Amino acid sequence: MKVLAYPRQIFISSKVYLQYRDVYLRYTHVRELIEHDRAEYCSALVQQMIFLMIPYENLVDKFYIFILPDGTKSCGIPLHATLPSKVHTKGTAEIHYDGAVSMWVNKIVAYPSDEYINARSLSGDRVPRRVFTVTPIQHFPRCDFFWGKDLNHAVFVVVKNIRNNARAAPDYQNPKNYLSLLEFLHLSDRDELSTAVAELKCRWR
Amino acid sequence: MPMALIFEPVKLAYYKSKLHIVAPVELSTIRAPVYDLKIDILFGICDSILGFTDAALGLNKQPVYPIVSLPFYYIDFFVADILSAYWLSGRGASKKNISEHANTVDEIALYKLYPDIAERCNVDTASIPPSYFHHYFFDCAAFYVFSNLYFRICSRTGCPYSHDAVERIRIGVQASGFTCNFLSLSTKEAIYAVCTTSSTNKLFPQSYLEEHPEYFLEISRSELPFFTRPTLRWFWSKL
């Protein structure tokens, strides 16, 4: 699997980010695609991750909860960012840039991993979607926080409503399948990354 | 009511899908998950944050503080409750419009629980609406801690106290992105964070910071990802 990975420095210094962007805009994105195993063990690289959260209708404080096959509960789908390809890899999100040398992304197509495809909702139904298409207007690379043993994943949280999508299944229309992040943080058996996201995004006041 | 309880950190309990302030009298009986209220204070400067040495803070907990995290005691709550009433009334808020801001949740007003203290402090509790606990309470409480901390740092370091900068923050406290809040499960803390960015250099003049490295140090953005505290993560992602 090939994933998007970037030099660590661009995430931790806005000056370097701007310099990188100036250079980046002159070239295509192809050079950031790198084999996952290689990126995983390269300390100079940070992999772009997307954490896709699905809010209930326009209520951005209630999110769809996934119960994974091992019983772990998650408030979103973690995905490695990659570029569009004819062969779609599970566990990745294909980032569609606005243009060959643009940093703006206008579409993300997410292919959840098997554990999310086989997940159940809070009401016990199977999660009915294998592909999610969301249309954020964001520039990438982006990072809300670093994650992983060597902090080698730049996690960016994308909150996108799929409820109004005509293909959305009834399961996503059931408000019982959604919880606030405060409620999620008080569930048992939470996924570790979901907990970190919820701690960052949860507002108790 | 035992006076000692007012020197306990304010507790928030999770029930009915919300966090509620626990009244001191309920402390021993509450069965829900409980969190200590902490006020995190962070001073941002451009692409970095202003850290303090222990000589500047005198807390004797760690050599350097990238963020100042202070417990908020019931006695602080009491004082902030009263002060915020004066601050809001100073802004022309009438009883009527304060009531409009009042929360419907069963929050507590400590001046009711400790009428004897209120009396000794000459607080005119009759002038405070019954459901005074308003939307801005936590902002006012955070500002109260912030202003005391700033005064403490200035006293210890000799940095000139900028009354104007503090006053500007107080006036803007209800409208600005001055505060945020988080829940830290690992430390069992409900964090209310205060963050200054554009006003940091008005509070601590750059020339003074440079002249006193024994008290102040700049912590670059590149070092922040190594901290897991939600407040620092949030601030980092905003930079």
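Note on naming: letters A, B, ... go to the chains in the order of the sequence lines (proteins, then strands), and numbering restarts at 1 for each one. Please read these numbers as outputs of a predicted model, since none were measured by experiment.
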Take the angle between the ring planes of B:W236 and A:F146 and call it parallel below 30°, perpendicular above 60°, tilted in between. tilted

Backbone N/O of B:L185 and side chain of A:E199: donor-acceptor pair under 3.5 Å: yes

More than 12 heavy atoms from other groups under 6.0 Å of CD on A:E192: no

Count the heavy atoms belonging to other residues, nucleotides or ligands that lie under 6.0 Å from CZ of A:R38, then report whether that count exceeds 12. no

Quick one: of A:R8, A:E183, A:H186, A:K201, who has the most non-hydrogen atom pairs under 4.5 Å with chain B? A:H186

Contact part of A:L182 toward chain B, heavy-atom cut-off under 4.5 Å: side chain, backbone, both or neither? both

Verify, without hydrogens or angle tests, whether A:W204 (side chain) and B:K18 (backbone) share a donor-acceptor contact under 3.5 angstrom. no

Rounded to the nearest 0.5 Å, what separates atom OG in B:S222 from atom CD in A:Q9? 7.0 Å

How about NZ on B:K188, more than 12 heavy atoms from neighbouring residues, nucleotides or ligands closer than 6.0 Å, or not? yes

Can you tell me which of B:Y14, B:F182, B:Y35 forms the most heavy-atom pairs within a distance under 4.5 Å of chain A? B:Y14

I need the minimum non-hydrogen distance between B:S237 and A:C143, along with the two atoms involved. CB-O, 4.1 Å

Donor-acceptor contact below 3.5 Å, side chain A:R205 vs main chain B:C180: no

Comparing B:T228, B:T231, B:I191 against chain A, the one with the most heavy-atom pairs below 4.5 Å turns out to be B:I191

